[in-house]
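Small disclaimer: the values here were computed from a predicted structure and weren't measured. First listed ligand is number 1; within each ligand, the first listed atom is number 1.
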Amino acid sequence: MKEYKNFINGKFVDSKSGRTFENRNPANWDEVIGIFPKSNAEDLNMAIEAAKKAYPRWRAIPLPKKAEIMRRAAEIMISKKEEAARLMTREMGKVIKETRGDYQEGIDTALYAAGQGRRYFGYSVPSELPNKICFTRRDPLGVWGLITPWNFPVAIPSWKIFPCILSGNTAIIKPATDTPASAGELVQVLYEAGLPEGVLNIIYGGGGEIGEAMLSHPDIVGISFTGSSDIGMRIGEVCGKTLKRCSLELGGKNGQVVLADANLDLALDGVLWGAFGTTGQRCTATSRLIIEEPIYNKFIEMLKARVEKLKLGNGLDETVDVGPLVNKGQRDTVAMYVDIGKKEGAKLLTGGEPYTEGECAKGWFYKPTVFIDVLPTMRIAQEEIFGPVLSVIKAKNFEEAIKILNGTTYGLSSSIYTNDLNKAQKAAELAETGIVYINAPTIGAECHLPFGGMKNTGNGHREGGWTAYEIFTEVKTVYIDYSGTLQKAQIDTWQE
Ligand code: NAP
């Protein structure tokens with residue numbers, strides 16, 4: 001067990017609050033991973049002062065030089081991958097194959113940032129007047145607050161940290177209370193790679209206290225938040241009052257459509273991974289399966305057999321398919337939705353109870369659960385459960401399947417399995433989601449492409465790839481007139 005401290009201005013510091021909290025293994029609640037400071041507003045102020053002080057010098061360093069630090073961070077991460085993945089499985093519960101993937105996403109994001117330092121493009125466009133050039137550049141904004149959830153303990157902090165600081169901003173990260181250790185180790189990697197003191201600071205503590213204090217702090221120029229839609233709406237409201245920039249990456253209720261002409265074995269592999277990977281705790285998890293009528297019964301039979309073979313257990317065991325839920329609250333939420341589903345009249349195909357065999361008795365395990373004959377309007381088909389619960393809905397045809405797919409308030413990811421090229425293309429056009437997969441599950445984003453959703457999944461920003469850099473920068477338009485005369489746009493027109 002390790003005792004963690006806040007990391008401010010390049011140094012480990014005790015919290016002024018004197019309070020702490022424990023982080024326990026969700027697969028074995030007897031195991032304490034670490035003790036962390038429960039910080040207060042005074043700690044946050046210290047971190048903001050450090051980030052403000054570091055900003056002018058950091059901003060002035062040429063981007064390719066900043067990018068070298070990102071490349072060194074990637075190299076250090078590569079050397080630490082296995083150790084970090086094991087820590088992540090212990091603190092969050094998801095299986096080791098997945099935590100290796102989570103960490104790899106962090107490495108890839110660091111490498112992308114390393115390249116981005118030398119291709120930080122603006123636009124250069126011709127002027128309507130002679131002897132004049134026009135271009136855009138992107139500039140940093142100042143001190144950012146980064147607030148992250150627990151389901152991707154390294155990937156999501158990486159998605160924010162690397163573009164934020166490469167762009168010349170400085171930042172304070174507040175990781176989720178359930179996964180503080182992985183984020184803390186990531187911050188250390190950046191300092192090992194040569195990050196100047198104060199550029200990135202980490203404060204541990206509750207969202208209600210530290211997170212809230214960040215939102216209204218006048219010296220924080222922007223908030224980058226990933227988490228639930230409820231908290232995201234609150235953040236948008238508070239930031240809106242002072243016109244603080246905020247990017248919100250929120251919940252999902254993702255659907256996979258399987259049409260009658262699809263490769264059913266492939267579609268089955270897809271839905272098992274999409275629905276039960278990460279124990280259903282992904283923003284992109286498949287929580288609705290929409291099956292075209294002619295294959296409905298057959299596909300359900302195939303699904304039941306495979307779901308019941310999934311192996312639950314401690315994620316450090318390489319043979320385990322599904323780990324625990326992250327904490328008791330999350331398991332209680334799943335149990336609550338299973339009750340709701342039963343009361344609504346959906347039919348429980350399999351699962352529907354906690355799993356307590358052997359060593360799993362000391363963890364937050366829940367059996368992979370499938371409801372069939374779900375109606376699109378039921379709560380289990382509308383609300384984000386964030387657990388291993390799949391709602392299966394029958395659709396008469398392609399048109400109805402798309403209507404059901406789009407019939408929620410969320411819009412993150414969607415998937416369609418079909419061998420009909422026209423229907424696949426039409427689905428990509430009609431899906432009201434930020435990400436569409438054809439013949440692939442709803443999960444599986446790659447870090448160099450935009451990531452984010454429509455409707456209640458966010459406020460229009462996209463993390464990942466080049467679009468993440470748009471979040472953390474301000475566009476500046478520059479006109480240079482070298483004519484030596486006063487030229488008035490729209491009034492003085494060019495003449496031969
Ligand atoms: P959450 O409860 O909304 O918390 C997210 C973060 O916000 C945590 O660090 C939390 O701190 C903090 N927080 C809580 N209340 C706050 C407040 N009033 N002001 C500021 N910050 C506050 O979400 P979660 O349970 O960690 O994560 C699951 C959710 O994230 C799901 O809805 C999932 O769909 C979504 N998610 C979305 C994406 C995406 O890219 N769209 C990706 C992953 C997850 P504490 O931990 O201390 O409470």
Side-chain angles (χ1 to χ4, degrees), residues 21 23 26 36-39 41 44 91-92 94 102 105 145-160 172-180 182-183 202-217 220 223-239 244 246-254 278-287 325-327 329-331 333-334 383-387 408-413 433-435 442-443 445 447 449-464 467-468 471:
F21 66 93
N23 178 21
F36 296 82
K38 202 172 191 179
S39 310
L44 178 66
E91 86 165 338
M92 188 268 170
K94 66 185 172 185
D102 187 313
E105 179 116 8
L146 313 177
I147 304 177
T148 54
W150 45 263
N151 65 336
F152 278 87
V154 167
I156 292 180
S158 301
W159 284 4
K160 299 186 187 306
I172 293 111
I173 180 163
K174 190 219 85 68
T177 297
D178 279 305
T179 53
S182 295
I202 185 162
I203 297 278
Y204 303 101
E209 190 167 1
I210 297 303
E212 281 286 333
M214 274 184 175
L215 309 182
S216 48
H217 200 292
I220 289 200
I223 297 286
S224 172
F225 171 83
T226 300
S228 57
S229 293
D230 285 350
I231 304 284
M233 285 178 193
R234 153 98 194 133
I235 289 175
E237 189 187 331
V238 178
C239 288
K244 207 187 276 304
C246 80
S247 73
L248 305 171
E249 301 290 340
L250 311 175
K253 189 70 189 173
N254 316 290
T278 324
T279 321
Q281 300 169 114
R282 287 199 190 205
C283 50
T284 49
T286 309
S287 54
L325 288 144
V326 74
N327 56 33
Q330 207 62 32
R331 189 167 81 172
T333 302
V334 168
E383 296 173 21
E384 186 181 47
I385 301 173
F386 224 54
T408 78
T409 55
Y410 293 104
L412 182 51
S413 180
T433 55
I435 309 164
T442 58
I443 65 178
C447 86
L449 283 137
F451 181 97
M454 297 162 72
K455 303 197 277 193
N456 285 0
T457 293
N459 62 345
H461 293 282
R462 293 288 183 270
E463 294 197 314
T467 45
I471 295 173

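- Under 4.0 Å from ligand 1, heavy atoms of Thr177 appear from its side chain as well as its backbone.
- Residues Val326 and Asn151 fail the side-chain proximity criterion, which asks for heavy atoms closer than 4.5 Å.
- At least one heavy atom of Trp150 sits less than 4.0 Å from an atom of ligand 1.
- When hydrogens are left out, the protein atom nearest atom 15 (N) of ligand 1 is Ile231 CD1, 3.5 Å; that is the closest non-hydrogen contact.
- Nearest non-hydrogen protein atom to atom 7 (O) of ligand 1 is Phe225 CE1, 3.1 Å.
- Against a heavy-atom cut-off of under 4.0 Å, Gly205 is close to the following atoms of ligand 1: 47 (O).
- A distance of 8.0 Å separates OG of Ser228 from CD of Glu384, quoted to the nearest 0.5 Å.
- Looking at Phe21 and Pro180, their side chains come closer than 4.5 Å, going by heavy atoms from C-beta outward.
- Given atom 27 (O) of ligand 1, the protein heavy atom at minimum distance is Pro149 CB, 3.4 Å.
- Nearest protein heavy-atom contact of atom 23 (O) of ligand 1 is Ser228 N, 3.5 Å.
- If you number the atoms of ligand 1 from 1 as listed, the ones under 4.0 Å from a heavy atom of Gly211 come out as 19 (N), 20 (C), 21 (N).
- For atom 4 (O) of ligand 1, the nearest protein heavy atom is 4.0 Å or more away.
- Side-chain contact between Ile385 and Lys253 is present, with at least one heavy-atom pair separated by less than 4.5 Å.
- Counting protein heavy atoms only, atom 18 (N) of ligand 1 is closest to Glu212 OE2, 2.8 Å.
- Distances below 4.0 Å separate heavy atoms of Ile156 from the following atoms of ligand 1: 42 (C), 43 (C).
- Contacts with ligand 1 closer than 4.0 Å are made by no heavy atom of Arg282, backbone or side chain.
- Using a 4.0 Å cut-off between heavy atoms, Leu250 contacts ligand 1 through its backbone alone, with no side-chain atom that close.
- By the criterion of a heavy-atom distance under 4.0 Å, neither the backbone nor the side chain of Asp178 is placed next to ligand 1.
- Considering backbone and side-chain N/O atoms, Glu463 never comes within less than 3.5 Å of an N/O atom of ligand 1.
- One option in Ile173, Thr148, Val238, Ile385 has a heavy atom closer to atom 8 (C) of ligand 1 than any other, and that option is Thr148.
- Residues Glu91 and Ser182 are in side-chain contact: their nearest non-hydrogen atoms beyond the backbone lie under 4.5 Å apart.
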**Request:** Dump the intermediate steps for side chain to side chain contact (heavy atoms under 4.5 Å, CB included) on Met214 and Leu44, then the final yes or no.
**Result:** CA-CA 8 Å; Met214 274 184 175; Leu44 178 66; 3.9 Å; yes
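- Side chain to side chain, Trp150 and Gln281 fail the donor-acceptor criterion of an N or O pair below 3.5 Å.
- At a 4.0 Å heavy-atom cut-off, ligand 1 touches Phe386 through the side chain alone.
- Proximity to Asn151 (heavy-atom distance under 4.0 Å) selects the following atoms of ligand 1: 43 (C), 44 (C).
- Pro153 places a side-chain heavy atom less than 4.5 Å from the side chain of Lys94.
- Within 6.0 Å of NZ in Lys38 there are 12 or fewer heavy atoms belonging to other residues, nucleotides or ligands.
- Near Ile147, meaning under 4.0 Å from any of its heavy atoms, are these atoms of ligand 1: 6 (C), 7 (O), 9 (O), 12 (C), 20 (C), 21 (N).
- Among the atoms of Lys174, some N or O lies under 3.5 angstrom from an N or O of ligand 1.
- Counting only N and O atoms by type, the side chains of Thr284 and Thr442 include no donor and acceptor under 3.5 Å apart.
- Nearest protein heavy-atom neighbour of atom 32 (O) of ligand 1: Glu384 OE1, 2.6 Å.
- For atom 48 (O) of ligand 1, the nearest protein heavy atom (residue, atom name, distance) is Gly207 N, 4.0 Å.
- Contact annotation for Thr226 and ligand 1: heavy atoms of both the backbone and the side chain come within less than 4.0 Å of the ligand.
- Tyr410 meets the ring pair (Phe, Tyr, Trp, His ring centres under 6.0 Å) test with no other residue; sequence neighbours excluded.
- Looking only at side-chain heavy atoms (C-beta outward), Leu215 and Ile147 come within less than 4.5 Å of each other.
- Side-chain contact between Lys455 and Thr409: absent, with no pair of heavy atoms (C-beta onward) separated by less than 4.5 Å.
- Comparing heavy-atom distances from atom 38 (C) of ligand 1 across Ala213, Cys283, Gly227, Ser247 singles out Cys283 as nearest.
- Residues forming a ring pair (Phe, Tyr, Trp, His ring centres under 6.0 Å) with Phe152 (at least two apart in sequence, or on another chain): none.
- Using a 4.0 Å cut-off to heavy atoms of Gly206, the atoms of ligand 1 that qualify are 47 (O).
- Below 4.0 Å from some heavy atom of Phe451 lie the following atoms of ligand 1, by number and element: 39 (C), 40 (O).
- Using a 4.5 Å cut-off on side-chain heavy atoms (C-beta onward), Phe451 and Thr467 make no contact.
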